[in-house]
Every structure is written in C-alpha cells, then in structure tokens.
Amino acid sequence: MTISVLTKRADFLLANKGLRNARPGFVLLTRPNQGQGKRFGITVTKKVGNAVVRNRMKRRFRELLRDALPDEGLADHDHVLIGRDGGITRDFHRMRLELSHALKAASEGRGDRPRPRRRKPDGARK
RNA sequence: CCAGGGGGCCGGGCAGCCGCGUGGGAGGUAACUCUUGCGAGGAAAGUCCGGGCUCCACGAAACAAGGGUGGCGGGUAACGCCCGCCGGACGCGAGUCCAGGGAAAGUGCCACAGAGAGUAUACCGCCGAUGGAGGGCAACCUCACAGGCAAGGGUGAAAGGGUGCGGCAAGAGCGCACCGGGGUUCUGGCAACAGCGCCCGCAUGGCAAACCCCACCCGGAGCAAGACCAAAUAGGGGUCUCGCGCCUAAAGGCAGGAGUGUUUCGCUCCGAGAGGCCCGGGUUGGUUGCUAGAGCGUCGGAGCAAUCCGCCGCGCAGAUGAAUGGCUGCCCCUGCAGCGCUGGUCGCAAGAUACCGGUUGCAGGACAGAACCCGGCUUACAGGCCCCCUGGCACU
RNA sequence: GCGGGCGUAGCUCAGGGGUAGAGCAUCACCUUGCCAAGGUGAGGGUCGGGCGUUCGAAUCGCCUCGCCCGCU
C-alpha cells in the first residue's frame, strides 16, 4: 500500500467536508476518497508565522505522519493536518499520542462538530 | 584601568538511532535495492538599483515623451555601488555625517506678525544744518511746518553684509581698518579646488527633496523567459468596416493594407482577402533551461586604496505541495535556584558566604529557509572573537 | 516574478507646505410626563513608524511596518 501526497486544491476543499478532530498543535481532517489509497496533505497558513516557522511545522507533521499512517491510518482516506499555534513548541511524543487518539476517533466515526461556513458580513442574520 | 572611534570574522560543536533530496557506482526487464559523495545564509529576506541569460521589436539614425543620476578623479561587465581626494557641518580627539550642478534664463512661493518680504520700507524714533514761523539788541533760543535720516526700538525663520573708529544737524560704505563677499592675473594640482597678489564699497535674500534649465544615462518584457515531447480539443459561427486595382504571357514590379512610441529611409508579411467586436469549444502533464560562474582558496606581484594581474590547487545545494528533518546523550555560553564545598575572602575561634572559584538542578541560546544566476544597497539579528586607533587616570 | 493602491477622531472619509476638519457615534444641557427626533455646547488625534529637505511637513524625498488589489 503506497501513501501519496495531496497536491490539488480541490482535494483539500473536499477534505474540509469530512471528519474533523482538533488537538492542541494541529487539526486532523479525514475523508474517504473512493479507493485512492492512504493519502495525506499538510496545510500551514501564513497566519502561523514566517517561512522558517511554517516549514519547520510541516517537517514535524511529515515526521508524525510517516510514523503513524502505515499502522494507524485509515485505508482509502485522505488525511489533512492543519497547523496551529502549538505545532512547534509542543513536545513531539505528546503530539504523536494525540495524533493516535485523533486517528482512532476518526476511525470510529467521531469528530468535532463541522466548522460553520463563513458567511459574508452582510449582517442578514442575527 | 575607564570612556570612546574604525575595520574584519564567527554566529553553536561532537556522537548515536530513525528518515529526506540529489550526483556517481553496482545489481535488477522494471518498480526498486545496496553503496558512496554532497546537501541553505550573512543576510538565502525586502525587491531598492545594476548586469548576465532568454524571448519580443525588421535594422539604423534622429526626435518626442517618461524615468533616473548630479563635487572631482579612479575602480568595475555595469551601477544610484566601492575607493581616494576636494568642499561644507559636527566632535578635545580617533573620526563621523552631507540628494554636494544652476537662484544675474524664466515662472512661482515666502502664511501669521510687521511700517516694510524683494521695484525694499518708515510705525515708534533721531535730526531739523538749510528754508519757514515765533521770541530776543545780539550770541542764540523755541516750534517741528517744509524737509533730511535709517543708527536705535519693535515684528519675523529671514529686514538688502558684520565689528570698530572717523564723519555728520542726525545719519548712512559716506571714508578708513579688519572679517565676509564678488571679479581677476599668476602659481600648484589630471581635476574638483587651494594659495599669493591686485581690483571692486558691495550692485541681484531663501526655496530647485516647487515648476524648471544644464550635463550624462536608459528599447520592452521576464526562467510562469524560452525550447522540445506527449495527450486532448479546435481548425468554427455571427456581425460591422475597408477592399476586390494597374503594367505584364508569366516571373516580377507599382499602387494598397498590416507590423515595430513617432518620423524618415529601409525591412518583413498579406495580396483576394484584411482588420475590429461578440459568441462557442479546448488546455495547466513531462523533459529541458538548471547550475562551471564577473566562481572559491593559498602564494607572489602592481597600487595609498577600491581593485587588477600571474602561478598552483579545488569542484562547492538544485527542491518543485517544494529535500537539508525527528528524537536522544555529552560539551560550550547565559540566567535563576540550591549546597560551605579539600579553594580564595572575612574572622582569634566557632563560623560566615556579598564577591571570585567549585558543584548540582532547571530554563534559555538571535535574525531567519535557496527556487535562473551574479554585483551592490537596505532592513533584521542573542551572544562572542580578533586587529588598529583616540581621550583621560595611575604606575614605571 | 512583475505592477498598483491605501494607512488622518471609536467608524466612514476630506485636507497635496502655514492653527487638523466634516458626517455619524459619545457626553452634558435645553425641549418632553418619558423616549425618539430636533436644538445648543463639549471632549476625543504620536496624521502607521524613523530619518531628512524647509523658517515651518499630515502634505515633499528616502527607508521601514501593516493591509488590500491586479497581471502572469
């Protein structure tokens, strides 16, 4: 079973509609992908920091996934990690455990409530 | 020792386990595996300048527009960069800073205040010699009417050289001395400029990072440039405008249309179609460009220096959702806390521990990530090292 | 990679060398039995930051920070 990398923006947008498990340091999105195998993607926005910070966070996430996906990853699912503020300072082993728990929760179909669509500030509601 | 100035450099080290990218080698039909080498920075950053490279433009010249630069000389592929020098400002000094051409080419601006702000002006003030009026025998006195003045006061960022003496009714470059300014001969220097002398009483303030003038420089775009391969789709429709020319049997020529900021010459294409607008359809893979280049280092030489020349040696990142990482141990530096600890220090001692040293624990170790490549500039940066110089204090 | 714009009161914006302004909002007073509206008045500003040019800078120049928008 090979593990491939997400590159298309559309894949990331689809993943956002799947299960969502937030942990300190990262957010895990999972979504079945119709038999494309285990795939993963990493998102770290500019809000998190400069290029050094973003690259370092992506490297730590890759290292986490390299260790976790072969055994704990969900077959035929896309996995997307979104970087959060603690992604660099948090202890690596602790994040590894948290990723295991998040993957377990996802495999059992549990997740946080989906994020509400952002709406234009036209103030129609409320 | 204290305070300060200039220049250069480093910016964690070693090891273990698990990984990543890439060049070479070996094996394998292949996927891949094994092995070995290499694998972020001084700013890789901001993108503020200058180039190389590639394509576009048909080449050349001139012009216009726009933009940039601005003491002189040198360096350089080039620069708005660097070096040296000149001038000015600041500092006791080592040194530092300066967009540092032109204000008698023209235009414009100088608010408020003030009498007056660029053709200078006269509010307070000073004078009233001369003329006038009044008084007195007269010398002269009074008035401040004519008139004279710009020293003093006051306003302002700035009041049309400054200080002093003379001069005068009072004054004024009115005269003189010094300082400042302008012009000029000569001397030194490649030059910017400097110096000496002579002349001119001085006539024209500031702003050009206001328009502008002068001199010099600049074609446009950017590796998503560009080239090749593969796949797929299309090689359409509508409408408007201008055209279906002349000589010739033909080739060709002329006229015409289109193309490059403009023009001229020239060139290319079209030539029976050309152009504009609208509608519809399709594409975002791979390879290459891609790292040997104004390259890096030692030594020698030229030069005050920037830099250049020569010999020898080295091979030094190439990712593409984007490699250089994850974890751990020891060492180094800093901070905090603990321990009087075979040290120092204090104390006769018991003992004390602010300080130096030792030891243990914990925490922290900057700014920041190549993306075609170089030369600069600018900005960010914990901590540390080296060299030279200045001022002061102490000692010899 | 290339190019453009913005930053001024709590908010939306004027002002382009000579005292920082308007509207809305806030506060006080008047009006009303009370509220709204209206009227009168007041407070509120490192003009994103730094350096320079100038007598004088929100305005001109350079550097810098943040945000936004195009093109490829």
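Letters A, B, ... are given to chains in the order of the sequence lines, protein chains preceding strands, and every chain is numbered from 1.
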(request) Return the residues of residues 21-28 of chain A meeting this criterion: a heavy atom under 4.0 Å from some atom of RNA chain B. Order them by number, or give none. (result) none
(message) According to a hydrophobic-cluster definition based on side-chain heavy atoms being under 4.5 Å apart (Ile, Leu, Val, Met, Phe, Trp, Tyr only), do A/L64 and A/L69 belong together?
(response) yes
(request) Enter syn or anti for the glycosidic conformation of C/rG16, syn applying to angles within 90° of 0. (result) syn
(request) First locate atom OG of A/S100, then atom CZ of A/R23, and finally report the distance between them rounded to the nearest 0.5 Å. (result) 10.5 Å
(message) Work out how far the C1' atom of B/rG154 is from that of B/rA159, and round it to whole angstrom.
(response) 12 Å
(message) Suppose you measure atom P in B/rA133 against the same atom in B/rA117; what distance do you get, rounded to whole Å?
(response) 40 Å
(request) For each nucleotide in nucleotides 325-330 of chain B, reading 5' to 3', give B when a protein heavy atom comes within less than 4.0 Å of its base, S when such contact involves only the sugar-phosphate, and - otherwise. (result) BSS---
(request) Mind telling me if B/rA40 is syn or anti? Syn here is a glycosidic angle within 90° of 0. (result) syn
(request) Could you give the distance separating C/rA37 and C/rU32 at their C1' atoms, to the nearest angstrom? (result) 11 Å
(request) Verify, without hydrogens or angle tests, whether A/H79 (side chain) and A/L74 (backbone) share a donor-acceptor contact under 3.5 angstrom. (result) yes
(request) Classify the glycosidic conformation of B/rC213 as syn or anti, calling it syn when the angle lies within 90° of 0. (result) anti
(request) Salt-bridge test for A/E63 and A/R66: reply yes if a basic N is under 4.0 Å from a carboxylate O, no otherwise. (result) yes
(request) Report the base-pairing partner of B/rA368 (Watson-Crick or G-U wobble, both distances below 3.5 angstrom), or none. (result) none
(message) I need the A/L28 CG to A/H101 NE2 distance, nearest 0.5 Å.
(response) 13.5 Å
(request) Sticking with atom C1', work out how far C/rG23 lies from C/rC35, rounded to a whole angstrom. (result) 24 Å
(message) By the 4.0 Å heavy-atom rule, please label A/D67 as base, sugar-phosphate, or nothing.
(response) nothing
(message) Rounded to whole Å, how long is the line connecting atom CD1 of A/I42 with atom P of B/rA323?
(response) 10 Å
(message) Say we look at B/rC110 and C/rC51: how far apart would their P atoms be, to the nearest angstrom?
(response) 30 Å
(request) Can you tell me the pairing partner of B/rU121 across any strand shown, Watson-Crick or G-U wobble, with both distances under 3.5 angstrom? (result) none
(request) Carefully, step by step, assess A/F26 and A/R90 under the rule side chain to side chain contact (heavy atoms under 4.5 Å, CB included). (result) CA-CA 10 Å; A/F26 63 85; A/R90 201 164 180 79; over 6 Å; no
(request) Give none if B/rC81 has no partner; otherwise give the nucleotide forming a Watson-Crick or G-U wobble pair with it, both distances under 3.5 Å. (result) B/rG75
(message) Let me check something: do A/F40 and A/L19 share a hydrophobic cluster, defined by ILVMFWY side-chain heavy atoms less than 4.5 Å apart, either directly or through other members?
(response) no
(request) Return the value, rounded to whole Å, for the distance between atom CG of A/L65 and atom C1' of B/rG321. (result) 14 Å
(request) State the pairing partner of C/rC71; accept Watson-Crick or G-U wobble contacts with both distances under 3.5 Å, and report none otherwise. (result) C/rG1
(request) Rounded off to whole Å, could you give me the CZ-to-C1' distance for the A/R54 and B/rA368 pair? (result) 12 Å
(message) Tell me the interatomic distance from A/N55, atom CG, to B/rU320, atom P, rounded to whole angstroms.
(response) 14 Å
(request) Please give the nucleotide sitting opposite B/rA210 as a Watson-Crick or G-U wobble pair, both distances under 3.5 Å, or none. (result) B/rU107
(request) May I ask you to say whether A/K38 pairs ionically with A/D76, meaning some side-chain N is under 4.0 Å from a carboxylate O? (result) no
(message) I'd like to know if A/D78 and A/R31 make a salt bridge, using a cut-off of under 4.0 Å between side-chain N and carboxylate O.
(response) no
(message) Strictly by Watson-Crick or wobble contacts shorter than 3.5 Å, is anything paired with B/rA94, and which nucleotide is it?
(response) none
(request) Give none if B/rA3 has no partner; otherwise give the nucleotide forming a Watson-Crick or G-U wobble pair with it, both distances under 3.5 Å. (result) B/rU390
(request) For C/rA25 and C/rU40, measure between their P atoms and round to the nearest Å. (result) 15 Å
(request) Would you mind calling C/rU19 syn or anti? Take O4'-C1'-N9-C4 for purines or O4'-C1'-N1-C2 for pyrimidines, and syn is within 90° of 0. (result) anti
(request) State, to 0.1 Å, how close A/P70 and A/L65 come at their nearest heavy-atom pair, and which atoms those are. (result) CD-O, 4.0 Å
(request) Calculate the interatomic distance between A/F61 atom CZ and B/rC20 atom C1'; express it in whole Å. (result) 18 Å
(request) Considering only atom C1', compute the distance from B/rC14 to B/rC9 and round it to an integer number of Å. (result) 23 Å
(request) Return the value, rounded to whole Å, for the distance between atom NZ of A/K58 and atom P of B/rU324. (result) 11 Å
(request) Indicate if A/V52 and A/V44 have the same hydrophobic cluster label, given that clusters are the connected sets of ILVMFWY residues with side-chain heavy-atom separations under 4.5 angstrom. (result) no
(message) Need the pair for B/rC327. Rule: Watson-Crick or G-U wobble, both distances under 3.5 Å, any strand; none if unpaired.
(response) B/rG16
(message) Could you go through A/V27 and A/L81, starting from their C-alpha distance and side-chain angles, then the distance that decides it, and tell me whether this counts as side chain to side chain contact (heavy atoms under 4.5 Å, CB included)?
(response) CA-CA 6 Å; A/V27 177; A/L81 283 186; over 6 Å; no
(message) If the glycosidic angle sits within 90 degrees of zero it is syn, else anti. Tell me which applies to B/rG42.
(response) syn
(message) In whole Å, measure the gap between the C1' atoms of B/rG369 and B/rA317 for me.
(response) 12 Å
